[in-house]
Amino acid sequence: MGLKYKYKLVTNWSELHQLVAYCKQTGYASTDFETWGTNSMYLRSYPTILGVSFQPGGAWIIPLAHKESPFLKDDEWIKVLQYFGREVIEDLDIVKIGQNIKYEMNWWYKYGIIMQGRVFDTMLAKYLLDEERPHGLKEMVTRFIPEFDGYDLPGQPGQKATTEQLIAFWSNVPLDELALYCALDADLTFRLWVFFERRLIDNGFYTLFRNMMMMASRVLAEVEWRGVDMDRDYLNELVGVYKIKIDECEARIRTNPIIFKYERARLKDVKKQMINDVKAEILLLKQTEGSDRMIKSREEKVSRYIAGDYTTKKEWEMVAPTNFNSSKQMIDFLFESPEGLMFDVIKFTQDKNTKKETETPSTDEDVLNELQYKDDSGFIKDLLELRGLTKLNSTYVVGMWERLNSKNKIHASFLLHGTVTGRLSSRNPNLQNIPRDTTASDIKKMFITSPGKLLLQIDYSQAELRILAAAAKEPTMIQWFKEGKDIHLAVACKKFNTDYDKVKVILDNEDHSEYIEWKKRRKKAKTTNFGIVYEQSAKGLAEALTKEGIFTTVNEAEEFLNDWFDDFPKVRKYIDNQHRFVKKYGFVYNLFGRKRRLPNVDSNNWGKKAEAFRQSVNAPTQGGASDFTLFSSVLIREHIRRGILPSSLEQVGTVHDSLLYYINPQDIHQAIPKLYQICRNPETKLWFNFEIKGIEMKVEFEIGKNWGELHGYNPQENYLVWVA
DNA sequence: AAATAGCCGTA
DNA sequence: GTACGGCTATTTT
């Protein structure tokens with residue numbers, strides 16, 4: 001980089017006092033940890049240095065557990081860190097600035113420091129101002145402070161580096177090198193704050209930033225720090241069960257005569273090809289003088305191949321048994337090889353950049369389901385089963401097992417900047433895609449509670465449709481929601497011109513002659529309702545319904561959609577309005593003032609353009625619904641802090657429109673009515689200066705000992721006996 | 001070693 | 001037909 005940049009190294013307590021004094025004087029502290037280990041929850045991880053900037057243009061460095069640190073003896077660095085934490089991080093009058101400050105909060109937790117007072121996260125500021133990735137500090141510096149473009153700590157291991165490589169690297173970075181890098185991080189973060197704060201205010205995002213994003217950041221830091229408890233014994237059991245299931249399934253496939261035949265023919269071909277390749281080489285070598293030795297070695301190779309004697313890794317790979325996890329190999333077996341099944345290709349995969357079909361045949365679940373009818377060997381059925389099992393096993397069984405720490409907990413990260421709509425994302429692991437019990441009834445049961453506690457799940461029902469109805473001011477839909485009707489059923493009743501209460505009676509009686517018919521009709525309506533939110537085409541809706549076991553033609557789906565819009569004309573109008581708006585301005589807002597920029601409305605690529613228009617309707621709907629959930633979690637935390645909700649209530653997760661908590665059983669009956677009030681009608685007027693007219697959100701409560709076995713809240717229940 | 005492709009789990 | 005993240009195989013660097 002060749003930049004002249006100075007930082008000040010703190011080498012004794014008097015300099016530390018000086019630094020604290022400066023922070024108090026300016027009222028600002030932009031901080032950045034460099035650490036050994038990326039996750040503060042790991043017992044063995046620790047911070048190596050802390051960079052602190054109290055004004056733009058420079059930074060001080062506090063060496064902590066770094067091996068050149070002057071505070072190594074008797075772990076004095078912990079006292080140093082805690083002193084700075086108490087004096088600065090816990091000082092209500094000092095503004096804390098950081099890039100991804102939730103991460104810093106979790107490091108402070110580790111040493112008993114609770115970040116307090118005003119907090120400013122440059123990453124989340126940037127996210128509100130521009131929701132498209134990347135949101136990294138490096139990228140922001142490139143964009144906004146180009147004179148520092150490209151600064152970095154050289155020689156960092158890549159993303160796939162092993163633990164050993166990471167240890168080797170981070171244990172050996174010299175203090176001066178690390179300090180320079182860290183100082184730049186802290187200083188440049190400070191400089192970004194300077195104009196981000198201004199821009200947030202100018203663009204009308206300040207309320208959303210302060211009252212939602214920064215508050216949620218604290219909520220999620222606590223969620224991550226707490227982690228979720230896992231049933232290790234049960235998980236161990238599952239590991240065994242899945243291994244057996246997969247082995248059996250694979251054995252069934254391998255002994256299938258059709259595979260046997262294909263495998264033999266394929267290996268013969270491969271071998272022939274390998275030998276031919278070497279023979280061609282020999283022919284080529286024979287034209288050159290003095291290559292006798294090379295020819296000799298290749299002739300030996302040929303005889304080795306003939307004898308089936310392979311030595312190199314590459315050779316073994318070529319003659320390896322068919323890998324049923326490989327879509328490439330499955331394409332060969334299903335569609336291309338004369339020794340295989342020679343099915344007609346059903347569809348091709350889609351290029352996600354151009355949104356166009358590729359030339360690669362698809363072997364996804366839909367395709368296999370269709371092929372299953374033409375396959376009498378049983379292979380497709382087994383392949384579908386194997387796919388399902390290996391997916392569940394690698395991601396959720398072995399995957400979770402590998403993440404268990406010594407306290408039988410898992411600490412995921414919840415990202416506030418993970419999506420373009422305002423939803424959260426979760427990773428390491430993703431706790432938002434754990435299979436439901438209809439997919440795999442055994443997986444969710446591995447998520448349990450701490451001893452003596454119960455799980456409490458708060459669900460928003462039909463959140464997106466309610467938001468859509470409110471945004472569109474659609475009177476019929478609003479009326480139905482107000483009456484507490486099952487919206488999907490109500491839509492079905494309207495469509496089939498039948499009285500709602502009459503159908504309700506039918507659906508309460510499984511033996512009724514029209515029971516199945518109305519079940520189907522409700523499903524049809526539900527799928528259509530979802531389709532509306534995504535702006536699905538008639539073709540897409542027909543496919544979706546057929547997939548759900550309700551065969552529908554495109555014409556019929558089109559009729560269904562037309563009827564839907566006739567019933568809810570204001571929704572059609574709303575969609576048109578969104579399209580007009582985005583065409584005019586290139587962006588849309590949701591109820592909370594969150595912005596979705598969609599420059600692709602002017603794209604020359606038809607597919608991208610159409611997608612942008614769909615997003616102009618979906619983003620505010622999806623984002624609005626998730627903002628309600630997120631805001632509820634903020635309010636719940638505030639009520640706990642004020643003592644209005646019990647302190648035993650601890651959030652452990654969230655999945656888009658539901659919140660997951662632990663709670664002491666004796667607190668449940670006291671907490672539920674308050675939670676109901678908070679979630680059903682959050683104080684949006686007070687905090688965000690808007691109200692949704694006429695619509696109240698609907699929340700449901702479920703309680704259980706594990707995530708896989710939840711039961712609806714019952715005011716009469718004695719939950720104390722559940723933990724006995 | 002890193003990036004991409006395909007598939008599939010969730011709301 | 002919106003919004004994600006993880007795993008595995010394969011291709012690219």
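All chains are named by letter (A, B, ...) in the order of the sequence lines, taking the proteins before the strands, and each is independently numbered beginning at 1. Heavy-atom basis, side chains included; hydrogens, waters and symmetry copies ignored.
- In this structure, the nucleotide among C:dA9, B:dG6, C:dG5 sitting nearest to the side chain of A:Asn325 is C:dA9.
- Rounded to whole Å, atom P of C:dA3 lies 9 Å from atom CD of A:Glu132.
- In terms of polar N and O atoms assigned as donor or acceptor, the side chain of A:Asn430 never comes within less than 3.5 Å of the base of C:dG5 in a complementary pairing.
- Here the P atom of nucleotide B:dG6 and the CG atom of A:Leu334 are 15 Å apart, to the nearest Å.
- In summary, the aromatic rings of A:Phe324 and A:Phe333 are positioned with their centroids too far apart to meet the 6.0 Å limit.
- With a 6.0 Å cutoff to the six-membered ring centre and a 45° limit on the axis angle, A:Lys444 does not count as a cation-pi contact of A:Phe447.
- When distances run from any side-chain atom of A:Lys328 to the nucleotides B:dA11, C:dT10, C:dT2, the shortest one goes to C:dT10.
- Backbone-only engagement by A:Thr363 is indicated by non-hydrogen atom pairs under 4.0 Å involving sugar-phosphate atoms exclusively.
- When heavy atoms are screened at a 4.0 angstrom cut-off, A:Asn428 is found touching the sugar-phosphate backbone but no base atom.
- Using a 30° and 60° split on the angle between ring planes, A:Tyr534 and A:Phe530 fall in the parallel class, below 30°.
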Please lay out, stage by stage, how A:Ile487 and A:Phe481 fare under the test side chain to side chain contact (heavy atoms under 4.5 Å, CB included). CA-CA 7 Å; A:Ile487 191 73; A:Phe481 277 132; 3.7 Å; yes
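- In this entry the distance linking CG of A:Asp627 with P of B:dA11 reads 19 Å, nearest Å.
- For A:Thr439, the listed nucleotide lying nearest its side chain is B:dG9; candidates were C:dT2, B:dG9, C:dT10.
- The nearest whole Å value for the distance from the CD atom in A:Gln432 to the P atom in C:dG6 is 11 Å.
- Put simply, the side chain of A:Gln615 and the base of C:dT2 share no donor and acceptor less than 3.5 Å apart.
- Which of C:dG5, B:dT10, B:dC8 sits closest to the side chain of A:Ser425 comes down to C:dG5.
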Please determine whether side chain to side chain contact (heavy atoms under 4.5 Å, CB included) holds for the pair A:Met213 and A:Leu416, giving the CA-CA distance in whole Å, both sets of side-chain angles, and the decisive distance to 0.1 Å. CA-CA 7 Å; A:Met213 302 305 278; A:Leu416 278 158; 4.1 Å; yes
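- Toward the 5′ end of DNA chain C lies the nearest nucleotide of A:Arg133, the other residue of the pair A:Ser326 and A:Arg133 mapping further downstream.
- Following rounding to the nearest Å, A:Lys352 (NZ) and B:dG6 (P) show an atom-to-atom distance of 8 Å.
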